[in-house]
J.: 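Quick one: this structure, given as structure tokens, is what I'll be asking you about.
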Amino acid sequence: MSKERTNGQPRQSEGVRAFKRGLDVLHEVNRSGGIRAGDVARALDLPRPTVYRLLETLEELGYVARSASDDRFRVTRLALSLGDGYDPGVVICQAAAPYLAELSKTLVWPVDLSTYENAAMVVQETTHSRSPLSIDRGMIGKRLPMLRTSAGRAYLAACPARERDLIVNHLRRIDEADDRPFLEEGRLGRMIAETQARGYAIRSEGEYNPKTASIAVPIVRNGAVFGCISIIWIRSALGIEEAVAQFVSLLGETASAIPVSP
């Protein structure tokens, strides 16, 4: 029996068309690293209700998960298993999202979760979009310098010495002008030692963004650093001593509670 044809081409059944749309949506979520339903609809030129239904189906099947902090969809370990493996950044982001959402109810200033990637910390989750005090938007995927942010400093101080040496040597080869003062042996050593002694890192002198300051704590399990949680505030609104008193214990409790395993 011949298939029905439209303009000389076989007519695509509704089932095949829906399946293709579902794959297109999954591909767009994977490509983006984290995206809202409305942005998927615009990118694929599909009706918003259709995209919502497809995302709900993919979520029910376990291939995507909606972030509790910013309503973005990301692929899950199940979807990534269809390829070469899974992305640790996606895994930690899924585990941490509800904890960051809960933290944002207490801490009005924005909070980021970042992971290490090729000489930078990459923001995987954030509450910037929900914080009325945020002056930054579109933080997901943003690369943060290792030496001039609290997240980078927290990671360097918490990671094993061999890994830290590899990262520092990489930074020396990259040789960014803004990093050079922080790569001086004495200054770098003091920063690492002070951060290790405190258990958290600070950025309070306008070395990355002159308008803001930040504190970060590492997420560590059995010697492995999975990422860092940072809180960012406007420098003129809060001194570092007051910020430490208000934020450090809550950040530390959250970092300890996130269910990750090495």
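In this text, all values refer to a predicted model and were calculated from it rather than measured experimentally.
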J.: If the threshold is 4.0 Å, N to carboxylate O, is there a salt bridge linking Arg153 and Glu194?
T.: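 Not counted as a salt bridge, because no side-chain N and carboxylate O are separated by less than 4.0 Å.
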J.: Heavy atoms only: give me the nearest Gly22-Leu58 pair and the separation to one decimal.
T.: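 Closest approach of Gly22 to Leu58: O-CD1, 3.9 Å.
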J.: Could you tell me if the side chain of Leu188 sits less than 4.5 Å from the side chain of Leu147, heavy atoms only?
T.: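 Counting from C-beta outward, Leu147 and Leu188 do come under 4.5 Å.
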J.: Quick one: closest heavy-atom pair of Tyr99 and Thr254, and the distance?
T.: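 In terms of heavy atoms, the two residues are closest at CB-CG2, 3.9 Å.
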J.: Using modelled atom types and a 3.5 Å cut-off, is there a donor and acceptor pairing between side-chain atoms of Asn169 and backbone atoms of Asp165?
T.: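 Indeed, once roles are kept as given, a pair shorter than 3.5 Å links the two residues.
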J.: Just by modelled atom types, is the Leu113 backbone N or O under 3.5 Å from a matching donor or acceptor in the Gln124 side chain?
T.: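 Checking the backbone N and O of Leu113 against the side chain of Gln124, no donor-acceptor pair under 3.5 Å is found.
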J.: Identify the heavy atoms of Gly252 and Val217 that sit nearest to each other, and give their distance.
T.: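 That would be N-CG2, 4.2 Å.
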J.: Quick one: ring-ring contact (aromatic ring centres under 6.0 Å, His included) pairs with a partner in residues 152-208, sequence neighbours left out?
T.: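 For residues 152-208, and leaving out neighbouring residues, the ring-ring contact (aromatic ring centres under 6.0 Å, His included) pairs sorted by first residue read Tyr116-Tyr155.
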J.: Do Arg21 side-chain atoms and Leu46 backbone N/O form a donor-acceptor pair below 3.5 Å?
T.: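 Such a contact is absent between Arg21 side chain and Leu46 backbone.
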J.: Hydrophobic side-chain clustering at under 4.5 Å (ILVMFWY, transitive links): who's grouped with Tyr52? Put none if nobody.
T.: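 Result for Tyr52 is none, singleton.
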J.: Would you say the side chain of Gln246 lies within less than 4.5 Å of the side chain of Ile215, judging by non-hydrogen atoms?
T.: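 In short, these two side chains do not touch, never coming nearer than 4.5 Å.
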J.: Can a salt bridge be assigned to the pair Glu28 and Arg31 using a cut-off of 4.0 Å between side-chain N and carboxylate O?
T.: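 Yes.
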J.: For Trp233, run the side chain to side chain contact (heavy atoms under 4.5 Å, CB included) check against Ile240, Thr212, Val108 and tell me which one passes.
T.: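 Among the candidates, only Ile240 passes.
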J.: Could you check whether Glu117 pairs with Arg143 (Lys NZ or Arg NE/NH1/NH2 to Asp/Glu carboxylate O, under 4.0 Å)?
T.: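 The answer is yes: the pair qualifies as a salt bridge.
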J.: Can you name the closest pair of heavy atoms from Arg66 and Glu59 and give their distance?
T.: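 Residues Arg66 and Glu59, closest heavy atoms: N-OE2, 3.5 Å.
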J.: Do Phe247 and Leu238 come within less than 4.5 Å of each other through their side chains, counting heavy atoms only?
T.: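 In contact.
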J.: So, does Arg235 use its side chain to make a donor-acceptor pair with the main chain of Pro210 at under 3.5 Å?
T.: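 A pair under 3.5 Å: yes.
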J.: With the side chain counted from C-beta on, respond yes when Asp112 and Ser114 share a heavy-atom pair under 4.5 Å apart, and no when they do not.
T.: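 Side-chain contact under 4.5 Å: no.
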J.: Test question: given the 4.5 Å side-chain rule for I, L, V, M, F, W and Y, name all other residues clustered with Phe19, or answer none.
T.: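 Phe19 clusters with Leu23.
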J.: Hey, are Arg172 and Glu185 close enough for a salt bridge, meaning a charged N less than 4.0 Å from a carboxylate O?
T.: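 Between Glu185 and Arg172 there is a salt bridge, with a charged N closer than 4.0 Å to a carboxylate O.
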J.: Please check this pair: side chain of Arg203 against backbone of Thr149, looking for a donor-acceptor N/O pair closer than 3.5 Å.
T.: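 No, the answer is negative, given that no donor and acceptor are paired below the 3.5 Å cut-off.
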J.: Group every Ile, Leu, Val, Met, Phe, Trp and Tyr by side-chain heavy-atom contacts under 4.5 Å, then state whether Ile231 and Ile234 land in the same group.
T.: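 Yes, Ile231 connects to Ile234 through the hydrophobic network.
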J.: Between Leu183 and Leu156, is there a shared hydrophobic cluster once you connect ILVMFWY residues whose side-chain heavy atoms come closer than 4.5 Å?
T.: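 Yes, same cluster.
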